[in-house]
Number of protein chains: 2
Amino acid sequence: MAGSSKRNQNDKRTRIIDAAIQVIAEKSYHLARISDIAKVASVADGTIYLYFKNKEAILLTIFEEKMEELIGIVRLELDAITGAEDRLLCFIEQHFIQVRRHPELARVLQIELRQSSHFIHDYRPESLWEYLKIASEIIKEGQEEGVFRPDIDPFIFQWSLFGALDELSVQWILSKKRERFPFQQVAQQIGSVFLSGLTTK
Amino acid sequence: MAGSSKRNQNDKRTRIIDAAIQVIAEKSYHLARISDIAKVASVADGTIYLYFKNKEAILLTIFEEKMEELIGIVRLELDAITGAEDRLLCFIEQHFIQVRRHPELARVLQIELRQSSHFIHDYRPESLWEYLKIASEIIKEGQEEGVFRPDIDPFIFQWSLFGALDELSVQWILSKKRERFPFQQVAQQIGSVFLSGLTTK
DNA sequence: TTTAAGAAAATGAATAATTATTCATTTTCT
DNA sequence: AGAAAATGAATAATTATTCATTTTCTTAAA
């Protein structure tokens with residue numbers, strides 16, 4: 001079949017990434033053996049090194065590719081909405097929707113990734129900044145529209161909001177009884193607090 | 001000198017903890033060798049194992065003891081203040097004050113600790129919950145006083161606030177140019193947003 | 001269509017490097 | 001003298017990574 005070689009290559013690469021997400025989410029990054037990932041992906045250990053420089057590169061690739069995917073989805077959702085207030089609420093809601101939709105990926109991105117010393121200390125997470133930029137852009141829009149307080153620094157605000165979203169997601173992921181963090185209510189409450197705090201009186 | 005043996009023991013234990021904070025803050029947890037810590041503490045490698053079960057136990061001990069210390073300080077500061085609104089602002093301010101006062105410790109608690117798989121996955125961080133409880137208690141007080149919205153869930157709010165404080169501290173710690181996060185302004189902005197979002201109209 | 005040579009991809013057993021931890025010995029204290 | 005504390009060289013266990021070998025794919029000549 002024409003092109004089947006290339007397609008199979010992609011399949012194999014995808015299989016490795018998917019297997020890594022699954023295994024790392026289940027056993028944690030440090031306990032996830034390359035051989036575990038290889039087994040789940042149905043490839044030999046060595047094959048992984050044809051596609052990734054080393055174990056950590058798998059983690060960083062997951063981050064980069066999945067974040068870009070997420071950013072695309074969120075941007076698309078936001079395009080359908082006008083008005084800074086509703087757009088901010090949509091952003092908050094989408095964050096939780098995506099976490100719930102892909103809990104294994106969320107665990108890797110929000111918990112395991114941070115056990116990579118390299119990621120924390122040296123890596124420039126461009127796509128994280130792109131994600132944050134979505135939030136700060138909404139703030140700026142709102143300030144231009146006059147619905148958001150002009151004295152709020154979008155840079156500080158974006159980190160506050162991200163911190164809150166992130167922490168609550170992490171607690172949801174880690175909690176055994178996830179009912180303690182009902183997403184619908186969590187999103188509504190965060191949205192309500194941040195929005196009230198942000199809007200002009 | 002009477003009691004000098006016991007005091008020296010404590011000295012040695014304290015020296016190890018202080019050395020660990022210093023070395024881990026500088027090199028990161030995984031690159032911090034037991035022998036590095038021992039050297040800075042002026043003890044033999046083996047001596048560390050007379051005081052701590054293993055490397056991770058040092059990290060957990062730092063967490064427990066320093067968090068208790070922090071909680072004591074913050075509680076003391078709060079005791080001097082009445083009114084839920086001012087108490088919440090004080091809590092926020094204190095968080096940043098302590099981070100700036102002990103940047104190496106903050107780095108260990110807020111960044112390196114989270115590279116401990118055990119801490120993330122199995123450990124019950126009682127003293128973190130005690131710290132969060134300070135926040136949620138203030139909310140409840142405010143709700144009873146009638147100055148805070150009764151529809152806000154203190155449990156969700158405490159995590160949102162903590163997430164925001166934590167994320168901004170982390171960014172301050174990691175940023176080369178810390179001027180990008182002027183603490184005074186950051187504390188003021190977070191306080192302003194969370195308070196406006198929380199107060200009854 | 002068949003074949004075969006060479007290239008590319010995949011394999012997985014062997015390796016190599018690392019460093020937390022131990023413990024036989026020494027030093028200090030009571 | 002005996003106990004307690006401290007030492008630091010030796011150990012032991014781990015697993016990511018490598019690479020010699022095998023398998024699969026590609027191409028083009030017969």
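Within every chain, numbering begins at 1; the chains are lettered A, B, ... in the order of the sequence lines, protein sequences first and strands thereafter. Everything quoted here is computed from the prediction, not taken from an experiment. Note: hydrogens, waters and symmetry copies are ignored here, and every other heavy atom, side chains too, is used.
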Within the sub-3.5 Å range, which N or O atoms of nucleotides 18-23 of chain D have a protein N or O partner, and how far apart are they?
none

What nucleotide, of C:dA10, D:dA6, C:dT11, holds the atom closest to the side chain of B:Tyr51?
D:dA6
Sub-3.5 Å donor-acceptor pair from the side chain of B:Asp36 to the main-chain atoms of B:Arg33, do we have one?
yes
Assess the pair A:His30 and B:His30: is the distance between their ring centroids shorter than 6.0 Å?
yes
Taking A:Ser196 for its side chain and A:Val193 for its backbone only, find out whether a donor-acceptor pair lies under 3.5 Å.
no
Under a 4.0 Å N-O cut-off, is there an ion pair linking B:Glu145 with B:Arg87?
no
What's the separation between atom CD1 in A:Ile21 and atom CG in A:Leu109, rounded to the nearest 0.5 Å?
7.5 Å
Go nucleotide by nucleotide along DNA chain D from the 5' end; which of B:Leu50 and A:Leu31 gets its closest nucleotide reached first?
B:Leu50
Give the residues of residues 32-41 of chain A touching DNA chain D, defined as any heavy atom closer than 4.0 Å, sorted by residue number.
A:Arg33, A:Ile34
Spacing between A:Ile48 atom CD1 and D:dT17 atom C1', to the nearest angstrom
11 Å
Working to the nearest 0.5 Å, report the span between CD1 of A:Ile111 and OH of A:Tyr29.
16.0 Å
Identified stems (criterion: three or more consecutive Watson-Crick or G-U pairs, under 3.5 Å), DNA chain C
C:1-30 with D:1-30
Whole-Å gap separating P (C:dA20) and NZ (B:Lys27)
10 Å
Atom CG of B:Asn54 to atom C1' of D:dA13: distance rounded to whole Å?
15 Å
Restricting to non-hydrogen atoms, name the atom on A:Asp166 and the atom on A:Arg114 that form the minimum distance, rounded to 0.1 Å.
OD2-NH1, 2.7 Å
Parallel, tilted or perpendicular for A:His95 and A:Tyr131, by the 30°/60° rule?
tilted
For the backbone of B:Arg149 and the side chain of B:Gln143, can you confirm whether one donor and one acceptor N or O come within less than 3.5 Å of each other?
yes
Partner of A:Phe157 under ring-ring contact (aromatic ring centres under 6.0 Å, His included), picked from A:Phe194, A:Phe148, A:Phe162, is A:Phe194
Taking only side-chain N and O atoms of A:Lys55, does any of them lie within less than 4.0 angstrom of OP1 or OP2 on D:dT17?
no
Minimum heavy-atom separation for B:Leu132 to B:Gln158, with atom names?
O-OE1, 3.3 Å
